[in-house]
Number of protein chains: 2
Amino acid sequence: MGISPLPPLTPRKSPRQDRAVATLDAIFEATIQVLLSDGLIRLTTTRVARRAGVSVGTLYQYFPNKQALLFAVMERYLAMLSGAIEEACAQNLGAKVEGIAETVVKAYLEAKMDQAEVSPSLYRIALELDARELIEAASRRSAKAIGAVLSTAVDGRFANPALLAQTLTAALYGTLPAFCHLVLSPADGREAQKQLTIMFRSYLASHQNGGLSADAAP
Amino acid sequence: MGISPLPPLTPRKSPRQDRAVATLDAIFEATIQVLLSDGLIRLTTTRVARRAGVSVGTLYQYFPNKQALLFAVMERYLAMLSGAIEEACAQNLGAKVEGIAETVVKAYLEAKMDQAEVSPSLYRIALELDARELIEAASRRSAKAIGAVLSTAVDGRFANPALLAQTLTAALYGTLPAFCHLVLSPADGREAQKQLTIMFRSYLASHQNGGLSADAAP
DNA sequence: GTTAGATGTGAAGGATCTTTCAGTTTTTGG
DNA sequence: CCAAAAACTGAAAGATCCTTCACATCTAAC
């Protein structure tokens, strides 16, 4: 086993017509379903295709191999998460710090609760293929958005909003692997939201108006 | 797909000679190694056997199928965990409550840190095959041991030591899936130990000498 | 209506895997 | 030292699975 050829992981082609978009959606949905009902070991390209109501050939038209499919599913999930955060941030430009903290946490957890029952399966993928870069990329996007809202907050100027945003994002995404193994009940979700909001608010308050030097960078 | 035949998951036979014990150990170790280097999808009975320095046939002498092997690996890991707790409890009969709390947490986390780098892989197995019953059995064993020490504590009588033990065990094993996806550094381990010890001590203190009614059972 | 490009099909090749079994080697007990 | 039991071997059958490819079908634009 010398230098492995490193099979491509990027999609093979993008859909141009509407029905192709529908096909792709069906494939993604089917992948989740198979993962849920059959497990990762028994997840088969043929099985996924059949569940999606397509033929295997169609699947391979969009993904060069099975791993690329799993990667794409993971990517799509993370994009949904960071997308929700970005949208929430965009709608809170110029708001107050308290409101920002609450909105960000709420956006994240609501997006997560929507996918509550599939998240354990996605976590399984993340463990299997090494998805660190994917997760980091998503969290970088979120941090950028959060940094942007923070610097527009009407109350309080932050010495280093980017650093704060990075910390908050880490806390947010850090709880992801910790919790996504279990299916959160609505009650659990509410409680988690409450606790995280409090944490974020106090963290931000301690840095408000230069409360502490936050510029020390190695 | 009607009623599936439900393949057996129990070991095929037990080792009688020393070398057979060594073989089994090698197989277990090899399973972990393959899981670590190749992932769950590429974990193959042949691969495991080769890494263990045995032939496939030997592997199938002890396990009726691949799933039984994975189950056994999981079982062995959990037995180690609950075994560590049981031993710690046995050596603290008649001790003080503070000491008991500290010892139990320490025993659990030390056992876990020993296996730090394999724990993510084991978690992958736990997700794949449904290991809930296994985990519950292990935590029941631990709860029994903890309940026993608590009822012998020199200071303080507990109204319902079994209930307290059950709660503590849940907290302990509950953090297992939450944390075992990451490789704990020694520093993280120390910090976790500190926090859990504090939590346990205060929980126990609040119930000491009938501080609260703890007998409400549904 | 025609045609080029986009999309979809599914049988089949080739690779890999699980599991078995007939036979060999090692250990134990006498 | 010998026979019976235990342990081990590894080739190979049978089952899956990944992936491709030659071909059919559909869509859009002229």
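Lettering of chains follows the sequences in order, A, B, ..., and the numbering in each one begins at 1.
Applying the side chain to side chain donor-acceptor pair (under 3.5 Å) criterion to B:Ser37, with sequence neighbours excluded, gives B:Arg51. Judged as a side chain to side chain contact (heavy atoms under 4.5 Å, CB included), and not counting sequence neighbours, the contacts of B:Thr46 are B:Thr44, B:Val56. Every residue two or more places apart in sequence or in another chain that forms a side chain to side chain contact (heavy atoms under 4.5 Å, CB included) with A:Ala126 is listed here: A:Met74, A:Tyr123, A:Ala131. Every residue meeting the side chain to side chain contact (heavy atoms under 4.5 Å, CB included) condition with A:Ala20, not counting sequence neighbours, appears here in chain and number order: A:Pro15, A:Tyr62. In terms of the side chain to side chain donor-acceptor pair (under 3.5 Å) criterion, A:Glu87 has no residue partners (sequence neighbours excluded). In terms of the side chain to side chain contact (heavy atoms under 4.5 Å, CB included) criterion, residue partners of A:Ala88 (sequence neighbours excluded) are, by chain and number, A:Thr103, A:Ala107. By the side chain to side chain donor-acceptor pair (under 3.5 Å) test, A:Arg19 is found to be paired with A:Gln17, residues two or more places apart in sequence or in another chain being considered.
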Where protein sits on nucleotides 17-30 of chain C, one letter per nucleotide: B base, S sugar-phosphate only, - none, heavy atoms under 4.0 Å: SBBBB----BS---
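Evaluated for a side-chain contact (heavy atoms from CB on, under 4.5 Å) with B:Ile27, the options B:Val73, B:Leu69, B:Thr45 yield exactly one hit, B:Leu69.
Annotated stems with DNA chain C as a participant read C:1-30 with D:1-30, given as range with range, by first number; only runs of 3 or more Watson-Crick or G-U pairs under 3.5 Å qualify.
In terms of phosphate contacts, A:Thr23 brings no side-chain nitrogen or oxygen within less than 4.0 Å of OP1 or OP2 of C:dT7. OP1 or OP2 of C:dT9 has at least one side-chain nitrogen or oxygen of A:Ser55 nearer than 4.0 Å.
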Identify every side-chain donor-acceptor pair in residues 138-150 of chain B under 3.5 Å, counting partners at least two apart or on other chains, and give the distances.
from: B:Ser139; atom 1: OG; to: B:Glu136; atom 2: O; distance (Å): 3.2
from: B:Arg141; atom 1: NE; to: B:Glu86; atom 2: OE2; distance (Å): 3.3
from: B:Arg141; atom 1: NH2; to: B:Glu86; atom 2: OE1; distance (Å): 2.5
from: B:Ser142; atom 1: OG; to: B:Ala138; atom 2: O; distance (Å): 3.3
from: B:Ser142; atom 1: OG; to: B:Tyr173; atom 2: OH; distance (Å): 3.0

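Under the side-chain hydrogen bond (donor to acceptor under 3.5 Å, both in side chains) criterion, the residue pairs touching residues 22-33 of chain A are A:Asp25-A:Arg76, A:Glu29-A:Gln33, with sequence neighbours excluded.
To the nearest angstrom, C1' of C:dT9 lies 13 Å from OH of A:Tyr62.
A nucleotide of DNA chain D counts as in contact with chain A when one of its atoms lies under 4.0 Å from a heavy atom; the first and last such, 5' to 3', are D:dC17 to D:dT27.
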